[in-house]
Amino acid sequence: MSKLRESYDHIRKERERWLEGSLAKKYSIDQEKRYVHPFRMFGNVWYVGDSWVCVHLIDTGDGLLLIDCGNCGATAMLIQAIWEAGFNPKDVKWIVMSHGHLDHIGGALFFRRMFGTKLYLGEPDARDFRDNPELSLIQESGNLADELFEPDYEIKDGDRIRFGNTDIQFYLVPGHTSGCIAAFFDVTEGERTVRAGYFGGFGFNTMQKDFLQDIGDRDLKTREVFLNSLSKVRDQKVELFLGNHCGNNNVLERAERLRRGCAENPFLDDNAWIRFLDSKRDDMLKLISESTDLS
Ligand SMILES: [Zn+2]
C-alpha cells in the first residue's frame, strides 16, 4: 500500500470516528441549509447570521462592527450575507465576540488575516484560550486547521468603547463561559433612538453537572455565577433585544413579520429582554433544585 493511500485511510477513519460523535452533525454538517437572507432589523443594525447562531452587523459610519462571526466552517455564508446586505466584508473593522465558543468565533481569524479586522473578546475567555483551550470546544469543529487566537483587546467589566458612531457599554456576564459579555448601545432610525441589549450566552450545555464536575467545578458554583449575571443586567433598559442564538428573541419569526410589513417594527419590544432573562433564571433554578434532589 502506498504511503499516500495509508495516509488517506488513516484520516478517513478518523473522520468516521468524529462523525459518530454527538456534536459533529449539529455543528458542522450541511451548514448551508441554515443560510438566512440578511435583513435590516432597525436603524444601522443588520442580521447576517444563520438560522441557529446570530451574527449582527452594525454600520457605524466609520467601518462595520460584527457582534460574533458565526460557526466554524460557516465563514463563506457570513461573507455571502454581508455582500447580500449591501456591504463589503473588507469594511469589517471590528468583531466583538459574545464568548469564546466555536460557534461564535468561526470567522475571526479569516477576517483578521484577510482584512486586518480587530478582535475583541471577554478577558476571562481570552485567558481560557491560553490556559484551557478545550473549553472553546474548537476540537469539535471538524477542521484540524481551525485554531484559537489572541484577541487584539480583552473586554473588561464596565468597559465603554466607541466604534465609529456607536458607543457600547460592556459588562462581563459569566456562566455559560467565564468570559461572556453583555452589551448595550443606542440605535437610531429617523427621529427614533432606542436602546439595544445583548447577553452573550444562555446555553445550559456548559452548566450541566457532568460538564462542570469534569472541568473542576465540583460544587457547581458556575450556576450561581450565571444567576448573578442575569440579575446584574436584568434592569437595563432594552427596547431592541439582540439574540445570541435565534431562539432567544425568535429572530426568524420577527423577521417574517417585518418582511410582511406591520405598523410597529416587530424587533422593538420593551418586554422581550426581561421576559427571556427571567425565563432563564427560572429554568436555572429548576435545574439547581433537580440536582439537589438527586444528590
Ligand atoms: Zn456557547
Side-chain angles (χ1 to χ4, degrees), residues 21-28 31 34 48-56 66-75 77-78 95-109 119-143 146-149 151 154-155 170-183 197-212 214-217 220 222-223 225-230 233 241-249 251 276-277 279-281 283-284 287:
S22 59
L23 294 176
K25 282 203 174 66
K26 171 178 161 193
Y27 278 109
S28 307
Q31 293 207 51
R34 296 201 282 251
V48 292
D50 63 24
S51 62
W52 177 48
V53 54
C54 299
V55 181
H56 295 91
L66 293 184
I67 302 180
D68 277 348
C69 48
N71 190 23
C72 285
T75 303
M77 282 160 62
L78 175 57
I95 300 173
V96 168
M97 253 73 63
S98 64
H99 65 279
H101 274 160
L102 80 164
D103 48 332
H104 300 265
I105 63 170
L109 275 175
L119 307 178
Y120 291 63
L121 179 68
E123 188 180 36
D125 277 2
R127 199 178 318 128
D128 277 339
F129 274 17
R130 291 188 290 271
D131 301 339
N132 304 295
E134 70 282 5
L135 297 179
S136 70
L137 308 178
I138 190 95
Q139 64 276 21
E140 299 291 348
S141 83
N143 184 349
D146 283 338
E147 54 185 328
L148 298 177
F149 52 86
E154 299 181 8
I155 300 170
F170 289 102
Y171 297 101
L172 293 181
V173 285
H176 175 66
T177 68
S178 56
C180 288
I181 56 114
Y198 186 92
F199 190 99
F202 294 102
F204 287 8
N205 53 328
T206 51
M207 291 184 280
Q208 298 298 326
K209 191 174 179 182
D210 290 350
F211 185 94
L212 289 176
D214 179 51
I215 63 168
D217 181 10
L220 316 182
T222 303
R223 295 171 172 185
V225 170
F226 176 68
L227 288 173
N228 288 338
S229 291
L230 290 174
V233 294
F241 174 26
L242 306 177
N244 185 243
H245 279 269
C246 294
N248 299 165
N249 60 342
V251 67
F276 193 70
L277 265 63
S279 78
K280 288 287 122 182
R281 177 199 61 200
D283 290 349
M284 180 48 78
L287 184 68

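Numbering of ligands and ligand atoms starts at 1, following listing order. Remember, it's a predicted structure, so these values are computed and weren't measured experimentally.
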* Start with the C-alpha gap between I181 and V173, add the side-chain angles, then the distance that decides, and say whether side chain to side chain contact (heavy atoms under 4.5 Å, CB included) holds. => CA-CA 5 Å; I181 56 114; V173 285; 5.6 Å; no
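Side-chain contact check for M97 versus I155: every heavy-atom pair is 4.5 Å or farther apart. In this structure the side chain of V233 never reaches within 4.5 angstrom of the side chain of Y198, judged on heavy atoms.
For the Zn ion (ligand 1), the count of nearby protein N, O or S atoms, meaning those under 2.8 Å away, is 3.
A side-chain contact (heavy atoms from CB on, under 4.5 Å) with L148 is found for exactly one of D128, I105, L121, namely I105.
With sequence neighbours left out, E154 forms a salt bridge (Lys or Arg N to Asp or Glu O under 4.0 Å) with R130.
Atom CG of N205 is surrounded by more than 12 heavy atoms from other residues, nucleotides or ligands within 6.0 Å.
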